[in-house]
Undergrad: 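Below: one structure in structure tokens.
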Amino acid sequence: MSLTIDRSLISDRAAAFLDQPAFDLFIDGQWQGARDGQRFATVDPATESVITHVAAAGEADVDRAVRAARRALDEGPWGRMRPAERQRLMLRLADLVEEHAQALAEVESIDSGKSAAMARAVDMALVVDTLRYYAGWATKIEGSTQEASVPYAPGMELVTYTRREPVGVIAAIVPWNFPLLVAAWKLGPALAAGCTVVLKPAEQTPLTALYLARLVQEAGFPAGVLNVLTGDGANAGAPLVRHPLVNKVSFTGSTEVGKLIGHASVDNMTRCTLELGGKSPVIVLDDCDPARAATGAANAIFFNQGQVCCAGSRLYVHRKHFDRVVADVAAIAEAMPLGPGLDPAAQVNPLVSREQMQRVCNYIDIGRQQGAEVVTGGGRALDRGFYVKPTVLANVGPDARVVREEIFGPVLVAMPYDDVDQVAAWANDTPFGLGASIWSNDLGRVHRLIPRLQAGTVWVNCHALLDPAMPFGGLKQSGIGRDLGRAALDAYLETKSAFIAV
Ligand code: NAI
Ligand code: MG
């Protein structure tokens, strides 16, 4: 473990986990190194020092993991397990995650930069609830019976029904912003449906997926039901998507990679759901209290350093309140204490990587070049750690790149508007369609606006709330399909129709 992590700041469990000399791949219930022996470092974004090294999976490891997942379905006990037993195992796993939540949150914080307190309160709480929610579904998967009326078999008596069957082997490819949480969004419905999983965490944040694999082992899941391949997109992700024995890919990440995965999936007719980028609007109507709007807008963009697919990155405020709300958001940004994720007082934590910090700073510079006014923030903070100052940009035209493109950092663009029709059009004038929030108590206008917004989720007087029962996903370039809720479960099931002539 890196000497730069102060052990007094983390639990014994987290320290013991990080103290392991090496992290292997988890394949077929066994810990094993990459076939070619490759490893890579994972870095603490607060200190820029190496935390530890993990195995870098390649094509041979992908093949081993996918075959193990297939065997677990075809030959192992998993494929024959009663739904109630799957449910029991999932509940046991949820209990273990809950028991280890503090350590998991600390490891997530050290690996990703995010606040450990938030990781505990938000990420890990939702992981537990998501597993429990889907555990419940394991025993509630139902087909249907129909009265047949085949027109060209009038005399034939038929019994017809549908069955829901697991899709098969799932490739779950997840990003670094909510590493374990997004993994749980894939794992929950997959296990409830009776699928098996090969999970590939992002190369920036491999550690909590490995921790989860230990808990899966401890919970007593049969070998091969969950396999974890740490590694990068090109050498582990791409061969996983292409593998002919993978039946469905569930991806969360960039729109660019989502498109590659979509194209590759069609070659094998692999099912695929994609949860991609966003540029979600926060719309403040003129009846809203400006102070409340400012607090809401600041949380919507600065939570997790803006590394949130549904971050409220475009702020539209009625002209009447614009100056006040923007000034208040800037004041909130300036008052947020900066520090590492393990410091409970710090509200501005490092971004995940040097690359992400540079990408975000580059966007701020592009904003400046295209005429934006930097109301507050404006670039990197400190010279050690991947910190970016919470930034508010104003005076930007609708075609500015900072208004159209996903920045994925603590950067807000603020624009005034004059009437609701105009703001509805501007809110929709983006390639993305993930989320939107409306801030108002005018019920009539709120209800009229919700159907007009091109977004998978609309929040009112709140932003980015997630519930395991509420489907989450995007329109347009924000993706295909849904995570969470019953909608996600359906995507891990195939429907088989049976016709029986009696
Ligand atoms: P990315 O899309 O490259 O990475 C996400 C996951 O995809 C990682 O596990 C990565 O290893 C994997 N991957 C990459 N290339 C792959 C390939 N060819 N085949 C299969 N898997 C592959 O995202 P990246 O580069 O880390 O971030 C770039 C931008 O993407 C961010 O600035 C942000 O705008 C967006 N993003 C959006 C996320 C979301 O929650 N919707 C999450 C992460 C990034
Ligand atoms: Mg990438």
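Atoms within each ligand, like the ligands themselves, are counted from 1 in listed order. Throughout, residue positions are numbered sequentially from 1 according to the sequence presented.
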Undergrad: If you count the atoms of ligand 1 from 1 in the order shown, which ones are under 4.0 Å from a heavy atom of Gln356?
TA: 31 (C), 32 (O)
Undergrad: Could you work out, with side chain to side chain donor-acceptor pair (under 3.5 Å) as the rule, every residue matching Thr376, not counting sequence neighbours?
TA: Glu334
Undergrad: Quick one: closest heavy-atom pair of Thr196 and Ala72, and the distance?
TA: CG2-CB, 3.9 Å
Undergrad: Do Asp24 and Arg39 meet the salt-bridge criterion of a basic N to acidic O distance under 4.0 Å?
TA: yes
Undergrad: Which is closest to atom 7 (O) of ligand 1 in terms of heavy atoms, Phe251, Trp176, Phe432?
TA: Phe251
Undergrad: Please confirm whether the ring centroid of Phe23 lies under 6.0 Å from the ring centroid of Tyr211.
TA: no
Undergrad: Consider every N or O of Ile407 and every N or O of ligand 1, then say whether any pair is closer than 3.5 Å.
TA: no
Undergrad: Should one rank Val257, Val241, Val249 by closest heavy-atom distance to atom 3 (O) of ligand 1, which comes out on top?
TA: Val257
Undergrad: Would you say Leu466 has more than 12 foreign heavy atoms packed within less than 6.0 Å of its CG?
TA: yes
Undergrad: Between Trp185 and Phe472 (judged by ring centroids, cut-off 6.0 Å), do the two rings come close enough to count as a pair?
TA: yes
Undergrad: Hey, which atoms in ligand 1 end up nearer than 4.0 Å to a heavy atom of Pro175?
TA: 42 (C), 43 (C)
Undergrad: Taking the basic N atoms (NZ, or NE/NH1/NH2) and the acidic carboxylate oxygens, is any pair closer than 4.0 Å for Glu355 and Arg359?
TA: yes
Undergrad: Please indicate whether any nitrogen or oxygen in Asp232 is less than 3.5 Å from any nitrogen or oxygen in ligand 1.
TA: no
Undergrad: Looking at Lys200, which atoms of ligand 1 are within less than 4.0 Å of one of its heavy atoms?
TA: 9 (O), 10 (C), 11 (O)
Undergrad: Please work out which of Cys309, Gly409, Gly233 has its closest non-hydrogen atom nearest to atom 17 (C) of ligand 1.
TA: Gly233
Undergrad: Could you tell me, atom by atom, which parts of ligand 1 come under 4.0 Å of a heavy atom of Leu276?
TA: 41 (N)
Undergrad: Nearest non-hydrogen contact with atom 37 (C) of ligand 1 belongs to which option: Cys310, Ser478, Gly277, Gly253?
TA: Gly253
Undergrad: I'd like the name of whichever of Glu405, Gln204, Arg359 reaches closest to atom 32 (O) of ligand 1 through any heavy atom.
TA: Arg359
Undergrad: Under 4.0 Å from a heavy atom of Val174: give me the atoms of ligand 1 that qualify, with their elements.
TA: 6 (C), 8 (C), 9 (O)
Undergrad: Can you list the residues that meet the side chain to side chain donor-acceptor pair (under 3.5 Å) rule with Gln38, with sequence neighbours excluded?
TA: none
